[in-house]
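Worth knowing before you read on, the calculation uses all heavy atoms, side chains too, and leaves out hydrogens, waters and symmetry mates.
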Number of protein chains: 2
Amino acid sequence: MSVPLYQAKAELFRTLGHPVRIRVLELLQDGPLPVRDLLAAIDVEASNLSQQLAVLRRAGMVTSYRDGPLVMYALSTPDVADLLAAGRRILGAVLTDRDALLDELRASGTDR
Amino acid sequence: MSVPLYQAKAELFRTLGHPVRIRVLELLQDGPLPVRDLLAAIDVEASNLSQQLAVLRRAGMVTSYRDGPLVMYALSTPDVADLLAAGRRILGAVLTDRDALLDELRASGTDR
DNA sequence: CATCGATTTGAAGATTTCTGCAAGTGCTAA
DNA sequence: TTAGCACTTGCAGAAATCTTCAAATCGATG
């Protein structure tokens with residue numbers, strides 16, 4: 001199987017591996033937003049947000065265009081929203097498993 | 001909204017952001033496998049594979065158990081397979097968009 | 001008990017990613 | 001054309017991640 005394929009998949013996921021980038025994508029699920037609004041919602045420095053937007057742009061997950069004085073961002077494909085949804089599901093599954101394990105550990109005595 | 005939630009989501013995706021880890025998860029989709037087999041399939045050093053398996057374990061995406069002389073690994077939840085599938089879909093969407101863009105660029109003349 | 005195959009752990013150096021600051025570009029309005 | 005938002009870019013230092021080597025563990029076997 002093609003090695004670069006795994007590389008591409010890994011890069012895709014790595015692109016999502018940052019809290020600010022995740023937030024941006026979630027905010028864009030409901031439609032395009034100007035940087036100004038993202039900035040107001042996320043609590044990060046403007047230059048930092050811009051860097052993260054550049055990462056998302058390079059990965060092809062968002063597109064941007066200028067609207068008068070504002071720069072607007074939008075998801076490049078609605079599939080991105082699906083991926084986020086899948087992520088939420090897994091997170092739920094993994095966290096419950098983990099909690100279940102924790103409970104089990106607690107129940108089996110304090111030591112060993 | 002809770003800040004740690006975005007953190008958790010980002011960590012989940014970051015866990016997938018490595019070619020070896022992606023391959024491991026894909027190989028485990030069809031059922032548990034011993035490290036020995038993963039090693040034969042992936043072409044990476046044993047200690048490196050072990051490090052990556054540890055990352056997946058800490059993230060709660062796989063579980064392991066010993067079977068005689070071998071250590072077996074398995075997906076901790078089938079939801080993981082869904083996430084990989086979603087990733088494949090997006091990758092397809094993003095790459096076609098990108099190719100379409102490339103084609104467009106090519107069609108519009110060799111220079112700018 | 002000494003060893004061997006299978007796997008994990010620890011640690012260090014190399015590489016990548018993150019963050020914030022200073023400076024720069026693009027538009028709009030006075 | 002000067003001024004002022006709205007963003008982006010270039011960087012440098014800090015922090016996190018990767019990769020590999022050497023050493024340690026765990027079972028099974030001679």
Given D:dT20, D:dC7, C:dT7, identify the nucleotide with an atom nearest to the side chain of B:V71. C:dT7
Would a distance-only check, ignoring hydrogens and angles, find a side-chain to backbone donor-acceptor pair under 3.5 Å from B:R21 to B:T15? yes
Using side-chain heavy atoms (C-beta onward) and a distance below 4.5 Å, is B:L16 in contact with A:L12? no
Under 4.5 Å between any side-chain heavy atoms of A:T63 and A:S76, yes or no? yes
To the nearest 0.5 Å, tell me how far A:L25 CG sits from A:Q52 CD. 11.0 Å
Distance check needed: C:dC27 P versus A:M72 CE, whole Å only. 16 Å
Side chain of A:R21: nearest nucleotide among D:dT20, C:dC18, D:dC18? C:dC18
Expressed in angstrom and rounded to an integer, what is the separation of A:L53 atom CG from C:dT19 atom C1'? 15 Å
Side-chain atoms of residues 67-74 of chain A: list all donor-acceptor pairs with protein atoms under 3.5 Å, sequence neighbours left out, distances to 0.1 Å.
{"unit_1": "A:Y73", "atom_1": "OH", "unit_2": "A:R57", "atom_2": "NE", "d": "3.1"}
{"unit_1": "A:Y73", "atom_1": "OH", "unit_2": "A:R57", "atom_2": "NH2", "d": "3.2"}

So which one's nearest nucleotide on DNA chain C is more toward 5', A:G17 or A:D67? A:G17
Would B:F13 end up clustered with A:V55 when hydrophobic side chains under 4.5 Å apart are linked, directly or stepwise? no
Take atom CG of B:L49 and atom C1' of D:dT20, then tell me their distance rounded to the nearest Å. 14 Å
Report the nucleotide, chosen from D:dT19, D:dC7, C:dT7, that has the shortest atom-to-atom distance to any side-chain atom of A:V35. D:dC7
Please state how far atom OH in A:Y73 lies from atom P in D:dC7, giving the value in whole angstrom units. 9 Å
All N/O contacts under 3.5 Å from nucleotides 23-30 of chain D to the protein, with atom names and distances to one decimal?
none

A side-chain contact here means heavy atoms from C-beta on lying under 4.5 Å apart; do A:V62 and A:V80 qualify? no
Atom OH of A:Y65 to atom P of D:dT8: distance rounded to whole Å? 14 Å
From CD1 of B:I22 across to P of D:dC18 the rounded distance in Å is 12 Å
Please write out the pairs of protein N or O atoms and N or O atoms of nucleotides 9-16 of chain D separated by less than 3.5 Å, giving the distance to one decimal.
{"unit_1": "D:dG10", "atom_1": "O6", "unit_2": "A:Q51", "atom_2": "NE2", "d": "3.4"}
{"unit_1": "D:dC11", "atom_1": "N4", "unit_2": "A:Q51", "atom_2": "NE2", "d": "3.2"}

CD1 of B:I42 versus P of C:dT7: gap in Å, rounded? 13 Å
D:dC18 C1' sits how many Å from B:E45 CD, rounded? 12 Å
Closest non-hydrogen atom pair between B:V44 and B:V20, with its separation: CG2-CG2, 4.2 Å
May I ask you to say whether B:E26 pairs ionically with B:R88, meaning some side-chain N is under 4.0 Å from a carboxylate O? yes
